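Here is the structure we will look at.
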There are 2 protein chains.
Amino acid sequence: MKPNIHDVAKIAGVSSTTVSRVLNNRGYISEKTKEKVYRAMEEINYFPNDLARSLFRKRTNLIGLIIPNSSNPFFGELAFHIESICTSMGYKLLLCNSLHRKDKEEKYLEMLIRNQVDGVIAVTYNRGILNYHKQNLPIVAIDHYLSDSIPVVGSDNYDGGKKAAELLIEKECRHIVHINGPIELTTPANLRRKAYEDVMHKHGRQPITYEVPFYQDYHDIISTLFDEQPDTDGIFSSDDIMAAAVMTEAKKRGKDIPNQLKVIGYDGTETVQSILPELTTIQQPIELISKTAIEILAKEIEGEFDDIPPETYLPVRLLEGRTT
Amino acid sequence: MKPNIHDVAKIAGVSSTTVSRVLNNRGYISEKTKEKVYRAMEEINYFPNDLARSLFRKRTNLIGLIIPNSSNPFFGELAFHIESICTSMGYKLLLCNSLHRKDKEEKYLEMLIRNQVDGVIAVTYNRGILNYHKQNLPIVAIDHYLSDSIPVVGSDNYDGGKKAAELLIEKECRHIVHINGPIELTTPANLRRKAYEDVMHKHGRQPITYEVPFYQDYHDIISTLFDEQPDTDGIFSSDDIMAAAVMTEAKKRGKDIPNQLKVIGYDGTETVQSILPELTTIQQPIELISKTAIEILAKEIEGEFDDIPPETYLPVRLLEGRTT
DNA sequence: CTGAAAGCGCTTACAG
DNA sequence: CTGAAAGCGCTTACAG
């Protein structure tokens, strides 16, 4: 069996209280005793059981991360940064892929509660998460409004949408179309659309937005867009994956990018940038978003609710490639 | 404070033993008592503390996943599938991004041990993990030999390399070059290289492999390859990301793909396929690899070591795009 | 069918 | 500077 603190105590010839003190570097312990205890721990290859510690302390240093899907480059990178930062702060990360499904989100949340996580970082549109907030579990949301009391962190979506739309106008596109996710979602990402529409109106243009519902194949919608809007010479896609699909469809139809059609995406993940460096896009500061979200969550965990901003929007950056 | 089993017992008017029995559906309990207990749990919003349960049972249902980096599409998808399958089997996943760094791998492993994980799935080249195996912690490795006693699961790398090399030969490439990771790594992925070399020799060709060490920018190496091997008309890259970089470099140099240069990658992740559908590649069965690895790990956890194959190689598939 | 007691592996007042 | 005792929130023989 795995050795426990009593085994260490026996070998070191002290009480388990003393071993615990050495472990936690707490109270006065003579150097000699410390030595003995360390030697004993090493001898039997002892590692403290964090379950027992957490049970007593009512603190697990466990954080739950609920994202739709770590396969997606944006979420994959978000998960990477969040995990890295958590680790550097002494937190451990429980990964949950909800696939945007409400039932899964709820089950995951219950699992996280049962596992006594100290807090949850959620990228989810499911306001059902609210019900759990009553348990006063610290939560921070990324790019989604979950409730008035849950802080949100994200990129400056309005500015990103504005930058994208303005670039296409600047590049003298005449017929600019926008592709976005479902509008019902209460996500700040809708601000990308709002900004696009505002810019269009400001320039006396008619905004046209194609919506991609969840679970629907965006290829069909992009194909429809090309059919219905043959004059399109500028497309602002609210994410890079769809922008790539637009590029593929344009190539298929013999439309030259950027001469006949200019394309700009959103996210600017390392992955997409490395695979498709020509894609112009609005880059989200994923690492900064991660860092900010964790810092806010850490404050909630420590009970410092005073200086937590309800919404934090981090600056985006225009990455100009050759598609515009 | 969070309610515990005694709070439930008090409200239901029974002992905590009975509540526990209801919770675990164990032994005989009258329907009436069950009802009362369930009602009480609901009334105070009770969720059992899995920490306490796990402490007693010496079983956490926690699995640790160590991957280099969830930002990479292959590992992001692997993490997604592993997490999904774990969840469907009642396991929870602790995510660790090692960045291929030995010190990080060791720290993560210690963390996982302290947290009493039931098992570990590792994608790491660090044989240092061996030291921990003494703790008889169930481990399964993906695509890397860690030790004789640690089962390995991966794609059929030899067949993949063979398929790739043969395709280029079939397509009448005269000068075929291979790009691979560092050869020192004791990974079955070296079989991709071996297969390439075998196929080349079989056809009386001279194999040429460019190695990309960790942490080195592969762009430089690709650029060097183009400089040093100007006649190259076929490149087999051992991963899709580098294949994409080859495509970018070719475009920069005005080399037409596939007419002047044919490119084939490896991995065939959903992400790369959706962004770069034209890329010909060898697709790894990521979901199947995940499933197999978890099943093997589950057997180790249950102590059924008999029918665990030391090595499992799952079939790959050639996805032909327009780059060959 | 139900409950009191012991124990999982720790930590922390408390006492000395 | 060190130890005995109680307790974190559960579960499981054991007894009735």
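Sequence lines set the chain letters: A, B, ... in the order given, protein chains first and strands last, and positions in each chain run from 1. Everything numeric here is computed off the predicted structure, so don't read it as measured data.
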Legend entry - Check: D:dA4 base within 3.5 Å donor-acceptor of A:Thr17 side chain: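 Yes, the side chain and the base share a sub-3.5 Å donor-acceptor pair.
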Grab the [atom1]-[atom2] distance between [X] and [N] for me, whole Å please.
{"X": "B:Gln116", "N": "C:dC10", "atom1": "CD", "atom2": "C1'", "answer": "11 Å"}
{"X": "A:Arg57", "N": "D:dG7", "atom1": "CZ", "atom2": "C1'", "answer": "15 Å"}
{"X": "A:Lys58", "N": "D:dC10", "atom1": "NZ", "atom2": "C1'", "answer": "12 Å"}
{"X": "B:Lys36", "N": "C:dT2", "atom1": "NZ", "atom2": "C1'", "answer": "11 Å"}
{"X": "B:Arg26", "N": "D:dC14", "atom1": "CZ", "atom2": "C1'", "answer": "12 Å"}
{"X": "A:Arg21", "N": "D:dC1", "atom1": "CZ", "atom2": "P", "answer": "11 Å"}
{"X": "A:Lys34", "N": "D:dT2", "atom1": "NZ", "atom2": "C1'", "answer": "14 Å"}
{"X": "B:Glu31", "N": "C:dC1", "atom1": "CD", "atom2": "P", "answer": "9 Å"}

Inset, instruction - Determine the contact category for B:Ser54: base if any of its heavy atoms lies under 4.0 Å from a base atom, sugar-phosphate if only primed atoms, P, OP1 or OP2 are that close, otherwise nothing. - result: nothing
Inset, instruction - Would you mind classifying the nucleic acid contact of B:Leu55 as base, sugar-phosphate or nothing, using non-hydrogen atoms under 4.0 angstrom? - result: base
Legend entry - Test salt bridge (charged side-chain N to carboxylate O under 4.0 Å, His left out) applied to A:Asp118 and A:Arg57, A:Arg59, A:Lys58, A:Lys92, the passing residue: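 Of the listed residues A:Arg57, A:Arg59, A:Lys58, A:Lys92, the salt bridge (charged side-chain N to carboxylate O under 4.0 Å, His left out) partner of A:Asp118 is A:Arg59.
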Any side-chain N or O of [X] under 4.0 Å from OP1/OP2 of [N]?
{"X": "B:Lys2", "N": "D:dC8", "value": "no"}
{"X": "A:Asn24", "N": "C:dT11", "value": "yes"}
{"X": "B:Asn4", "N": "D:dG9", "value": "yes"}
{"X": "B:Ser16", "N": "D:dC10", "value": "no"}
{"X": "B:Ser20", "N": "D:dT12", "value": "no"}

Between [options], which nucleotide has the shortest distance from any of its atoms to the side chain of [X]?
{"X": "B:Phe56", "options": "D:dT12, D:dC8, C:dA4", "answer": "D:dT12"}
{"X": "A:Ala52", "options": "D:dC1, C:dG9, C:dC1", "answer": "C:dG9"}
{"X": "A:Thr33", "options": "D:dG3, D:dC1, C:dT11", "answer": "D:dC1"}

Inset, instruction - Give, for atom NZ of A:Lys291 and atom CE of A:Met89, the distance between the pair rounded to the nearest 0.5 Å. - result: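 One gets 8.0 Å once the value is rounded to the nearest 0.5 Å.
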Legend entry - Residues B:Glu43, B:Arg39: salt bridge by 4.0 Å N-O rule: no
Legend entry - Residues A:Lys299 and A:Glu302 bridged, charged N to O under 4.0 Å: no
Legend entry - DNA chain C: 5'-proximal contact among A:Arg53 and B:Tyr28 (nearest heavy atom): B:Tyr28
Legend entry - Sidechain-backbone polar pair: B:Thr292 side chain, B:Leu288 backbone, donor-acceptor under 3.5 Å: yes
Inset, instruction - May I ask you to test the A:Leu112-A:Cys96 pair for a side-chain heavy-atom distance under 4.5 Å? - result: yes
Legend entry - Counter-base of C:dC14, judged by Watson-Crick or G-U geometry with both distances under 3.5 Å: D:dG3
